[in-house]
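Here's the structure, in structure tokens; my notes come after.
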Amino acid sequence: MNAAEEFKKIPTTTLADLLGRAQVMDIGMRPLWSPIPRVAGPAFTVRCPAGDNLMLHAAIHRAEPGSVVVVESGDLDYALAGGNVCAVAQRRGVAAFVADGVIRDLAEVRELGFPVFARGVIPVPGTKKAVRPLNAPVRCGGVRVAAGDVVVADEEGVVVTPREDWERVLTEARRKLAKEAEESLDAWERAHRARIDAILNDGGFEG
């Protein structure tokens with residue numbers, strides 16, 4: 001089974017319901033162009049200290065096709081990548097960048113159709129001096145990400161499924177989506193109102 005292709009069918013909202021807040025990156029991690037496709041793939045992790053982007057530039061030549069390159073960055077003052085880096089990553093089969101930092105050349109990236117989820121853009125490039133190990137655990141958007149964890153990103157946000165849990169989570173997500181697909185809006189509304197009214201009654205609400 002191709003886990004990435006299967007996870008690409010699962011909305012991040014469904015995964016967030018199953019995994020909880022701890023596995024969802026914070027609100028600052030957003031798609032940099034729209035409409036952006038949902039992406040999914042195993043994490044290839046990168047750590048870049050403040051002002052430096054060497055290891056991301058190294059990663060695009062080492063990440064396996066289908067990987068989501070996940071970057072921990074030390075600042076928001078220098079771009080981690082630009083149009084050419086994204087173009088080479090795309091040509092080599094990288095599925096997306098998820099970067100806890102900023103990039104540049106957004107118009108070029110948008111034109112490429114290369115998915116980037118990050119904190120924003122800045123025109124200032126970083127330097128290339130700091131050597132760090134690749135595929136070590138990183139922290140991105142407030143979530144710990146290890147190499148091989150399944151990263152799913154869409155217009156709603158970015159969710160990380162730990163590598164050891166992906167089969168269970170995928171099974172539960174499929175079951176949840178199937179159940180939701182069978183339920184009409186009328187049935188959902190009835191159940192929803194009953195649940196909300198019960199909570200209100202328990203809280204002493206009158207009205």
I27 atom CD1, over 12 foreign heavy atoms within 6.0 Å:
no
Pairwise distance OG(S67) to CD1(I60) - rounded to 0.5 angstrom:
13.0 Å
Spatial distance of atom CD1 (I122) from atom CZ (R104) [nearest 0.5 Å]:
10.5 Å
Looking only at heavy atoms, which two atoms of G142 and D26 are closest? And how far apart?
N-OD2, 4.2 Å
Tell me, with the steps shown, if R92 and V88 meet side-chain contact (heavy atoms from CB on, under 4.5 Å).
CA-CA 6 Å; R92 294 184 59 83; V88 171; 3.9 Å; yes
L56 and F117: same hydrophobic cluster, using ILVMFWY side-chain contacts below 4.5 Å?
yes
Is the closest basic N to carboxylate O distance between D52 and K128 below 4.0 Å?
no
Which of these passes side chain to side chain contact (heavy atoms under 4.5 Å, CB included) with L32: I103, V102, V109?
I103
Between E72 and R47, is there a side-chain N and carboxylate O pair less than 4.0 Å apart?
yes
E189 atom CD, neighbour heavy-atom count above 12 within 6.0 Å
no
Charged N to carboxylate O below 4.0 Å: is that the case for R110 and D105?
no
Criterion side-chain contact (heavy atoms from CB on, under 4.5 Å) on M25 and V98, from CA distance to verdict:
CA-CA 10 Å; M25 292 191 186; V98 173; 3.7 Å; yes
Shortest non-hydrogen contact from A95 toward G66:
CB-O, 3.7 Å
Lys/Arg N to Asp/Glu carboxylate O, E6 vs R174, below 4.0 Å
yes
Are V39 and V85 joined in one hydrophobic group, where the rule is that I, L, V, M, F, W and Y side chains link up if heavy atoms are under 4.5 Å apart?
yes
Between K8 and E5 (salt bridge meaning N to carboxylate O under 4.0 Å), is one present in this structure?
yes
Does any pair with a residue in residues 54-113 pass ring-ring contact (aromatic ring centres under 6.0 Å, His included), and if so which ones, sequence neighbours excluded?
F97-F114
Quick one: does any side-chain atom of E155 pair with a main-chain N or O of P31 as donor and acceptor, under 3.5 Å?
no
Stepwise side-chain contact (heavy atoms from CB on, under 4.5 Å) check, C86 with E108
CA-CA 9 Å; C86 291; E108 293 178 35; over 6 Å; no
Any donor and acceptor pair, going by atom type alone, linking the side chain of T45 with main-chain N or O of V71 inside 3.5 Å?
no
With a 4.0 Å cut-off, would you call E172 and K176 a salt bridge?
no
Exercise: identify the closest heavy-atom pair between A63 and V94:
CB-CG2, 4.2 Å
Spell out, as yes or no, whether a donor-acceptor pair under 3.5 Å connects the side chain of D149 to the backbone of A146.
yes
How about R21: does its CZ atom have over 12 heavy atoms from other parts shown lying under 6.0 Å from it?
yes
So, applying side chain to side chain contact (heavy atoms under 4.5 Å, CB included) with L177, which one of K179, E180, R175 is it?
E180
Looking only at heavy atoms, which two atoms of A59 and F44 are closest? And how far apart?
CB-CE2, 3.6 Å
How about R168: does its CZ atom have over 12 heavy atoms from other parts shown lying under 6.0 Å from it?
yes
Do V24 and V70 land in one hydrophobic cluster if side-chain heavy atoms of ILVMFWY residues count as linked below 4.5 Å?
no
With distance as the sole test, does D100 use its side chain to make a donor-acceptor pair with the main-chain N or O of G141 at under 3.5 Å?
yes
So if you build clusters from Ile, Leu, Val, Met, Phe, Trp, Tyr with side-chain heavy-atom gaps below 4.5 Å, do V145 and M55 land together?
yes
Should the heavy atoms of other residues, nucleotides or ligands under 6.0 Å from CG of D77 be counted, would the total exceed 12?
yes
Are V116 and V46 in one and the same hydrophobic cluster, where Ile, Leu, Val, Met, Phe, Trp and Tyr link if side-chain heavy atoms are under 4.5 Å apart?
yes
Minimum-distance pair of heavy atoms, taken over all atoms of P49 and A130
CG-CB, 3.4 Å
Rounding to 0.5 Å, atoms CG (L80) and CZ (R119) come to a distance of 11.5 Å
Quick one: closest heavy-atom pair of F205 and G207, and the distance?
CE2-O, 3.6 Å
Rounded at 0.5 Å granularity, tell me how far NZ in K9 sits from CZ in R38.
11.5 Å
Using 0.5 Å steps for rounding, measure from the CG atom of D75 to the SG atom of C48.
9.5 Å
As an exercise, state the distance from CD of Q23 to OG1 of T12, rounded to the nearest 0.5 Å.
13.5 Å
